[in-house]
Each structure stands twice: as C-alpha cells, then as structure tokens.
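All remarks here apply to the structure that follows.
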Amino acid sequence: MITVETLTKSYGGFVAVDDITFTARPGRVTGFLGPNGAGKSTTLRILVGLTPATSGSATISGRDFVTIPNPGRQVGVLLDASAQHAGRTGREILTIAQRFMGLPKGRVEEMLDLVSLTPEEAGRRVRNYSLGMRQRLGIATALIGEPEVLVLDEPANGLDPAGIRWMRGLLRDYADQGGTVLLSSHLLHEIEVIADDLVVIGNGRIVAQGSKRELLQTAGSLVRTGDQATLTRALTESGVTSAPAGTGALLAQAEAEHVGKIAFAAGVPVIELRPADGAGLEEIFLHLTSDTQRDSSTTPEGAAA
Amino acid sequence: MTTLVSPSASTVIEPAGHRADGIPLHRITSTELRKMFDTRSGFWLMASIAITALLATAAVVLFGSDKDLTYNSFAAAIGFPMTVVLPIVAILSVTGEWSQRSGLTTFTLVPHRGRVILAKAIVCVGVAVVSIPVAFAVGALGNVVGTAIAGVDPVWNLTVADFGNIVLANVLGLMVGFMLGVLIRSSAGAIVAYFVYSFLLPTLAMLLASSQAWFKDLQPWVDFNFAQSALYNGSLTAQQWAHLGVTSVIWLVVPTVVGVAMVLRSELT
C-alpha cells in the first residue's frame, strides 16, 4: 500500500509537485500517467527517499521509506534502468543487490531466468545492453528481494510490444498475489494495457484518478465546435455542466442528443458530437500534453499515436 | 511468457515481520569492497598497485647504482606510484555513484547515505593498509635479488617506525582523494583537483615560502603536503606531529564534514 498525502515539492519558485494525494492499493496495478515533466519522477523519488518533500508525506505500508530497515526486501524500485555502472555485467549488478539485501546467492540466477536474460547476456557488460535489456535487468533488481510493493518509473520504455505484453503478465501475476504496483508512464496506451487504477498528473497536479473502468466510461458527451464560448454559455443556461477538453472541444455532462438540441437552439454549428466513452480521459491527457508538446502543428490524434 | 513469474510466485507476498532486520555495516562494507573490483577499470586500478610496485622495483634494480641498492631506495621508488594510485582508487569508489549514476540504486537499497560513505571509507583505508605491505614485499624481493645480482650485501635501512610513517602518509593521501570525491562527486573533477592539490600546490607553496618570510614561518601549519613530507624523512618531532594534526584538520576533517553534509542532502539525478 502506497499512500501519498498532500505532497508538495518546490524548487525555489517552481512547484514540481503541487499538493497531490493518491493511494496505490495491494492487488492492483496503479498507473501514474502524465506527460514528461509533469512531476511523476519527482513524486517517485520522494516516495523512495532520494528527494526530500517540501511538505506532505509519501509512505509505504504506513512507513517512511528511509525508516524501513532493509528496504529492498519490502519495496522493489526501478527509477532509471540506465543508471548503472556501465562497466559491470548484468549478473554482477544483480549480485550487488543480492548482497546488500542479504539474500541467498541462488536468487540471482532465478531472477535472470525470470526476466529472460540468457547466461551469455548476463555476462555482458551493461554498456552493451539495449534499453530493453536494461529494463529487464532493472525489473529483476526490483524483484530480487521479494518485495510487497513495486515502484517502477517508465518501465516499458524501450521494451518492444512483446516485452510490454511480458511485463503486463508479470505485473498482473504479481498484483494477483497481493502485491502493490505503482508504475509511471507518459503513454496512455501503454498504461491502459497494464493498469487497473489510474492517477493522471499534469503540471504537478492530479487531474483525474480512479479505476481504469471508471475513467474510461466517462459519462457525458464530447462536442467540438468553432464557437466554444457561446456553446458553453448555452449549456450552462440549460443546466448542463461542461469543461474544456482539448482544442475546441467540450466535455458536456449530458446525453449527446440533449447536447445537440441545445447547440441547435443556440445556433452554434457543431463539428463533432459523440458519447464520451473514455474520450474524456484521452482528451484530458491530450490537453495536458499539448501544453508541453513541441510539435504543436500535429493534431491531438497524431500526438496520441 | 507470463508463467515466468512462477519461480518466485509462492514467496512473493509474505508477512514483513521476520524480514525486517536492518543491513549491518559489515554487509555494506563487503559489498562496497566487491564493487571496487568488479569492473574492468576497477580491477586494473587495483592490479596497478602491484604492477607499478613491480615496475618501480625493476627500475631500481636495472638503473640504480650499487650504492643505491638499499631498501630505502626501493621503498621510495614504490611509494611514488602509490601516492597517485591509492587516492584515485578512493576518488572513484565515491564518484562512481554519481558519475555512473549507480547511486540511484545504492542509495535506494541503503537509504542511509552516511553509512554507505562510511563503508567506502573503511574499504579504502583497508585497501591501503593491505596493499602497502604487499608493495613493500615486492620491494624487499627486489632488494634481495638486486643486491645478489650486483654482488653486494643487502641494506635494510628502513625501520618499522619509518614503515609506519609511510603507511600513514599514504592513508592520509588516500583520504584526501576520498575527501575530494565526496566534496566534488565527479570523477574527472575530483581527479583533477587531486593533482592540483598534490602537485601544483606544493610548488606554489614552495615559491611563496622562498619569497615571503611570513609564509615560510606559517607554512608548516597550513600546508598539508609540507607537513606530510616529514613522514618520509624519518621520525617526527612533537612539533611536526602538531603540524600534521593541524593541517589535517584544515585539509581533511573540515572539507570531509562539509562534503558528507552535502552528500546527505544532494539529490540524485
């Protein structure tokens, strides 16, 4: 169980993490989703005691990470698969973790087996590893202490589709055994495949959270128009709440038919009108990414792919 | 592929109580010792202690005149590369965690950074204390072989006290490297700083002392290199020990404390 409560981290005047609260529960894979620079990594670093919080708390099973006596046996952590001494072999890196944690030697080979690194690959130096191999090694390092909680920062980076499917199976089994998994990603599709629960973060703030099913079945309809202001006013006058969701789009809390009638009565031309069906989450996410995306000329749909 | 998880599946989740033992310092120390040898560069750096001792000994045998074939000559020849290699060993053991970014894992597995730094310091001093006698044994062998080749009697003009002083001087030099590693946390930066400290500063201090009378009097109290050099010239007077004590506080203790405080607060990226 991971509990983050009113956590804030600021660097001088810049607020990297702004008053966020969420939990990652046992038996569930919790996806921590947000564009690059949203504050995901900062949050995870605070969680594992590498960075001090400005205020608020982040605990694992009710404890501060740094007070856990042998943390590798309770929390498996993978923050950056490339942050390893390039001159060590994969097997050596696992051996160091095994020795720090005081585990039996046999765990190293078990873990290499688990993440499908062959003996030949395990004997290679990490500088010669692909990113995918580094991720596998990092996941092995996280799992070697048989922890109850896993904290993984962008673990799917560099994995090919088969690798992502493999990791999904691994994390699914792990959660089904009662483990808690918190993993971050900046790709909605990637995390949709793996996670049960979602926490969406943008500019340091949580913008949506809940089970994947809830979030993907967002009620209401998505309406796109050239005259957002007029339509928003018309909707409000009819007692329908709405919120901007991406370029020229509104997420209205009403059936598509009702929204269509309001738009017609107000004389606002509608470009697109459909039930939201998870579009809400996608729009929220695209709206978030569009602020940070450099190639603003691409359509939101293009950015999603 | 999903079935791969099964080898550990039965043990993945269990009550945390009985596994809550902390990490004892000896386990951190032995793991840190392993980390000094387990890369190619680390291994050859350690091997270079023995290799340079062999080369230095061979050089004395080949190029020294008969009257130079004393144990003191061998010790001096071996000592010089040690004063370079040992501090670099110490520097890299610390800075690798930042330069190679492995600290991200190390300080997550052992979230008490002070203990990791302490373990590294113990290992570095241990390496010095073990490797110096090994190097001097090579020198002793050179003394026996060299004098036999030259047909003269071996001269053992190095007392146990001298030997102790040389070990101390090397440990101090190594700790300066360690201090710079902790303070600068970058391999290249710390190595450059060490060379500036150990080769450039003595020259500048010497120039200053020869031109400024006030500095000549002050130098033994502020120049760590100068104070240490006494360790290579036989036994020290009480005042020379005092010089060594005062300069090591200035050059070693204070910056190490500052460096460790920075390490405890620094963010790893």
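Below, each value reflects all heavy atoms present in this structure, side chains not excepted, and no hydrogens, waters or symmetry copies. Order of the sequence lines sets the chain letters (A, B, ...), proteins ahead of strands, with each chain counted from 1.
- Between the side chain of B:H112 and the backbone N or O of A:V66, at least one donor-acceptor pair lies under 3.5 Å.
- A 4.5 Å side-chain heavy-atom check between B:T108 and A:F65 finds at least one atom pair inside the cut-off.
- Neither the backbone nor the side chain of B:E97 comes within contact range of chain A; no heavy atoms are under 4.5 Å apart.
- Rounding to the nearest 0.5 Å gives a distance of 13.0 Å between CZ of A:R99 and CD1 of B:I28.
- Using a 4.5 Å heavy-atom threshold, the side chains of A:T95 and B:R34 count as touching.
- Annotation: side chain of A:I96 is in contact with side chain of B:D38 (closest heavy-atom distance under 4.5 Å).
- Between atom NE2 of residue A:H85 and atom OG of residue B:S99 there is a gap of 9.0 Å, rounded to the nearest 0.5 Å.
- With a threshold of 4.5 angstrom between heavy atoms, A:M101 approaches chain B through its backbone and through its side chain.
- Shown here is B:W98, whose CH2 atom has more than 12 heavy atoms of other residues, nucleotides or ligands within 6.0 Å.
- Between A:N70 atom CG and B:R27 atom CZ the span is 5.5 Å, to the nearest 0.5 Å.
- Looking at heavy atoms from C-beta onward, B:Q100 lies out of side-chain contact with A:V126 at the 4.5 angstrom threshold.
- Using a distance-only test at 3.5 Å, with no hydrogens or angles considered, no donor-acceptor pair links the side chain of B:E267 to the main chain of A:L50.
- Taking all atoms of both residues into account, the shortest heavy-atom contact from A:R125 to B:T39 is NH1-CA, 4.2 Å.
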Step by step, work out the side-chain contact (heavy atoms from CB on, under 4.5 Å) result for B:T105 and A:F100. CA-CA 11 Å; B:T105 307; A:F100 269 137; over 6 Å; no

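- None of A:V48, A:L78, A:D80, A:V77 except one satisfies the side-chain contact (heavy atoms from CB on, under 4.5 Å) rule with B:L104; the exception is A:D80.
- With rounding to the nearest 0.5 Å, the separation of CG in B:L109 from CD in A:Q98 is 11.5 Å.
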